[in-house]
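Side chains are part of it too, since the values below use all heavy atoms of this structure and drop only hydrogens, waters and symmetry mates. In listed order, ligands and their atoms are each counted from 1.
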Amino acid sequence: MLNFFKRGRRTEPSSADHTYTQTDIMGGPIPPHIAIIMDGNGRWAKNRALPRMAGHHEGMKTVRKITKLASELGVGALTLYAFSTENWKRPKIEVDYLMKLPEEFLTTFLPELIEENVQVRIMGDKERLPKHTLNAVERAIRETAENTGLILNFALNYGSRTEITAGIQKLVEDAKKGWVNPEDITEELFSTYLMTDSLPDPDLLIRTSGEIRLSNFMLWQLAYTEFWFTDVLWPDFKEGDLIQAIAEYQQRGRRFGGV
Ligand SMILES: CCc1cc(N2CCCCCC2)n2ncc(-c3ccc(F)cc3)c2n1
C-alpha cells in the first residue's frame, strides 16, 4: 500500500528507478490530456528568503516551459490549476499580484503560443475575476480560438464541488423544462454539464511539492486518471520531470476498473 502513490523523485536513479529521455517516451502513448496542480511556489520563495510573489513569478516561467514541451510532444490538452476558489482567502496583496499574472504571461508569451498553434481556454467562475484579468484572458481566448494544437486550459477561480453543484442545478432546470428525463441521466450526459464539456478526462494528473491530495480539483473528471506525485517544487519543475511523469504513466497498465 505504501507504494500506492509512487512519487516522482529527482534523485540519482537506483536499480528500481530510471531516468528517461524524450526519445524514450516517443515510442509509447503520450497522454492526450495532462492536468497539473502547480504547488510549491510559496515554499520555493521561502527557501530563498524571497517574497511569495517571487515564487509565483518563477512558477509562471515554468508554465511556459512545460506548455512548450507538452505542445512539442503532441499532448492534446494541458489543464493547469492556477487559482482555486479557496485562494481568495490569501492576503489581498498576494491575490492582487496573482490576478496580474495572466496579463503578464499573455503579454509576454501569447505571440509564442500563437506561433505554436496553442489554443488558450479557461475554466472556473469568471464573475469574481478582476476586469483587467478577464479582459486579458478573453483576448487570448479570442486570438487563439482557431488554433488546432495543444489546448492550454487554465483553471481560474475553479473549484470542483462548485462546478458539480452548478452542473446539477443546470440539469435540474433542464429536467423541470421537460428537456431531460431522469432515466436519461447518464455519466456521459452529466459530464456535458461540467466546465470540461469539450475535453476528455485527464489521463495523467501531476502534483508537485510533495502534497498528496486533490484540493477540490476535477473530482469528477479524475475518476480513472493516473496520479503522479513529485517532491519537486513547481518553480523547479523541469522538462525532465514532465518526461519522467509521462514515462512512468506509460509503464502503468490502465484498466479503467477492469482486470
Ligand atoms: C490567476 C492566477 C495565476 C497564477 C499563475 N501562477 C501562480 C500560481 C501557480 C504557478 C504558475 C504561476 N499563473 N501562471 C500563468 C497564469 C495564467 C492564467 C490564465 C491565463 F490565460 C494565462 C496565464 C497564471 N494565473
Engineer: Could you check whether Glu104 and His57, counting side-chain N and O atoms only, form a donor-acceptor pair closer than 3.5 Å?
Structural biologist: yes
Engineer: Which atoms of ligand 1 are found less than 4.0 Å from any heavy atom of Leu106?
Structural biologist: 21 (F), 22 (C)
Engineer: Hydrogens and angles aside, do His56 and Glu94 bring a side-chain donor and acceptor to less than 3.5 Å of each other?
Structural biologist: yes
Engineer: Among protein heavy atoms, which lies nearest atom 1 (C) of ligand 1, and at what distance?
Structural biologist: Leu156 CD2, 3.3 Å
Engineer: Where on Val63 is there a heavy atom closer than 4.0 Å to ligand 1, on the side chain, on the backbone, on both, or on neither?
Structural biologist: side chain
Engineer: If the cut-off is 4.0 Å to any non-hydrogen atom of Val137, which atoms of ligand 1 fall inside it?
Structural biologist: 21 (F)
Engineer: Under a 3.5 Å cutoff, is there a donor and acceptor pairing between the side chains of Glu248 and Trp228?
Structural biologist: yes
Engineer: Please work out whether any backbone atom (N, CA, C, O) or any side-chain heavy atom from C-beta onward of Thr133 is under 4.0 Å from ligand 1, and answer side chain, backbone, both or neither.
Structural biologist: neither
Engineer: When you measure from the centre of the six-membered ring of Trp88, is the NZ or CZ of Arg128 closer than 6.0 Å and no more than 45° off the axis?
Structural biologist: yes
Engineer: Need the ligand 1 atom indices (1-based, order shown) with element for anything under 4.0 Å from a heavy-atom of Gly59.
Structural biologist: 11 (C), 12 (C)
Engineer: In plain terms, say whether Lys65 and Glu239 are close enough for a salt bridge, that is, a side-chain N and a carboxylate O under 4.0 Å apart.
Structural biologist: no
Engineer: Between Thr62 and ligand 1, which residue portion shows a heavy-atom distance shorter than 4.0 Å: side chain, backbone, both, or neither?
Structural biologist: neither
Engineer: Strictly below 4.0 Å, N to O, side chains only: are Lys100 and Glu103 in salt-bridge contact?
Structural biologist: no
Engineer: Indicate, as side chain, backbone, both or neither, the part of Leu80 found under 4.0 angstrom from ligand 1 when only non-hydrogen atoms are considered.
Structural biologist: neither
Engineer: Hey, which atoms in ligand 1 end up nearer than 4.0 Å to a heavy atom of Asn41?
Structural biologist: 9 (C), 10 (C)
Engineer: Salt-bridged, Arg139 to Glu143, with N to O below 4.0 Å?
Structural biologist: yes
Engineer: To which protein heavy atom is atom 5 (C) of ligand 1 closest, and what is the distance rounded to 0.1 Å?
Structural biologist: Leu101 CD1, 3.6 Å
Engineer: Does a side chain donor of either Asp197 or Ser191 reach within less than 3.5 Å of an acceptor in the other side chain?
Structural biologist: no
Engineer: Any atoms of ligand 1 less than 4.0 Å from a non-hydrogen atom of Phe105? List them with their elements.
Structural biologist: 22 (C), 23 (C)
Engineer: Can you tell me the protein heavy atom closest to atom 16 (C) of ligand 1 and the distance?
Structural biologist: Phe154 CE2, 3.8 Å
Engineer: For atom 2 (C) of ligand 1, tell me which residue out of Thr144, Leu98, Thr67 has the closest non-hydrogen atom.
Structural biologist: Leu98
Engineer: Looking just at side-chain N and O atoms, do Arg252 and Gln250 make a donor-acceptor pair shorter than 3.5 Å?
Structural biologist: no
Engineer: What's the shortest distance from atom 4 (C) of ligand 1 to any protein heavy atom, and which residue and atom give it?
Structural biologist: Ala82 O, 3.7 Å
